[in-house]
Amino acid sequence: MTSVWLNRIWRPFERTVRRISTAANIAGVSVLVMMMLLVTMDVLLRYCVNRPVKGSFEVVEFMMATVLCLGMAYTGVRKGHVAVELVVSRFSPRAQAFIDSFNYLVSLSLFFLISWKAVAQAQVLRVSHSVSSVLDIPIFPFVLVVAFGSGLLGLVFLVNFIDSLSRVRRK
C-alpha cells in the first residue's frame, strides 16, 4: 500500500514541486539579469552624463526581494541551505534521518507560517494602497512574491520531510 501511494501520488507531486521550483529559479535569475542591467545603466548615466535613473534604488530593492524569494525553493531542492553536520554526522544513519525529519518539519511549519502571514500582509497593503515613496509602485505584489517563495520552499521541505521519514523507516 505504501509503495503504491508513493509511486502513484507522491512521486508526481514531488516532480511537480521540483519543476515549479526550477521555473521560479529561472524567473529569479531573469530578474537578477534585469537588475544587473538597471544598476549598470544607472552607474553609467550617473557618472557619464550626471543623470541617474530615477527610482533605481527603489526598483533594485524590489528586485532583490524577488530574486531571493524565487530562488529559495530551488536551493532547497538542491539541498544547498546551510546545515551544521559536525555533531549529527557522528550519529547512525537512522538517527541522522530522524534529525533531518524533525528539522524539515520545523522548517516547513515556519515557511508555511511565513507564507500565510505574507498573504495577510499583502492584503492589508493592497487595501491601504501602500506604494513606494519615489515611483509610487504598489508594494503588495512583492509581498505576494515573498508568500509564493516561502510557500514553495515549505513544499520542498514537505517533500524532503517525507523522504527523510522513509529513510527512518528503511534503516
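Nothing fancy with the numbering, it's 1 onward along the sequence. Quantities reported herein were computed from a predicted structural model and do not represent experimental measurements.
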Counting neighbours of CG on Asn50 that are heavy atoms of other residues, nucleotides or ligands and sit closer than 6.0 Å, is the number greater than 12? no
Under 4.5 Å between side-chain heavy atoms, counting indirect links through other Ile/Leu/Val/Met/Phe/Trp/Tyr residues: same cluster for Met35 and Ile139 or not? yes
Please check if Ile114 and Leu125 belong to a single hydrophobic cluster, counting links between Ile, Leu, Val, Met, Phe, Trp and Tyr side chain heavy atoms closer than 4.5 Å. no
How would you list, by chain and number, every residue that makes a ring-ring contact (aromatic ring centres under 6.0 Å, His included) with Phe13, sequence neighbours excluded? Trp10
Is Phe112 reachable from Phe102 through a run of I, L, V, M, F, W or Y residues, each pair having side-chain heavy atoms under 4.5 Å apart? no
As an exercise, state the distance from CG of Leu70 to OG of Ser21, rounded to the nearest 0.5 Å. 10.5 Å
Which residues pass the side-chain contact (heavy atoms from CB on, under 4.5 Å) test with Val67, sequence neighbours left out? Val31, Leu32
Return each pair, listed once, that meets side chain to side chain donor-acceptor pair (under 3.5 Å) where at least one residue sits in residues 32-48; pairs must be two or more places apart or across chains. Asp42-Arg46, Asp42-Ser56
I need the Phe57 CZ to Phe62 CZ distance, nearest 0.5 Å. 11.0 Å
Tell me, please, which residues at least two apart from Gln96 pass side-chain hydrogen bond (donor to acceptor under 3.5 Å, both in side chains). none
Could you tell me the separation between the CG atom of Leu110 and the OG atom of Ser115, rounded to the nearest 0.5 Å? 11.0 Å
Residues at least two apart in sequence or cross-chain that pass ring-ring contact (aromatic ring centres under 6.0 Å, His included) with Tyr74, listed by chain then number, are none
Shared ILVMFWY cluster between Val39 and Leu135, side chains joined below 4.5 angstrom? yes
Find the distance between CD (Gln121) and OG (Ser130) and round it off to the nearest 0.5 Å. 8.0 Å
In sequence, state the C-alpha distance, the side-chain angles, and the governing distance for Asn25 and Val77, and then conclude on side-chain contact (heavy atoms from CB on, under 4.5 Å). CA-CA 11 Å; Asn25 187 57; Val77 165; over 6 Å; no
Can I get a per-line list of side-chain donor-acceptor pairs under 3.5 Å for residues 142-160, giving both atom names and the distance, sequence neighbours left out?
residue: Ser150; atom: OG; partner: Val146; partner atom: O; Å: 2.9
residue: Asn160; atom: OD1; partner: Lys79; partner atom: NZ; Å: 3.1

Under a 4.5 Å cut-off applied to non-hydrogen side-chain atoms, are Val53 and Leu45 in contact? yes
When clusters are formed by joining ILVMFWY residues with side-chain heavy atoms under 4.5 Å apart, either directly or through shared neighbours, do Met41 and Val49 land in the same one? yes
Given side chains that start at C-beta, do those of Leu113 and Trp116 come closer than 4.5 Å, heavy atoms only? yes
Does the side chain of Met63 come within less than 4.5 Å of Leu38's, by heavy atoms? yes
Enter the distance from Ser92:OG to Phe98:CZ here, rounded to the nearest 0.5 Å. 11.5 Å
For Ser133, is there any backbone N or O sitting under 3.5 Å from a side-chain donor or acceptor partner on Glu58? yes
I need the Tyr104 OH to Ile162 CD1 distance, nearest 0.5 Å. 12.5 Å
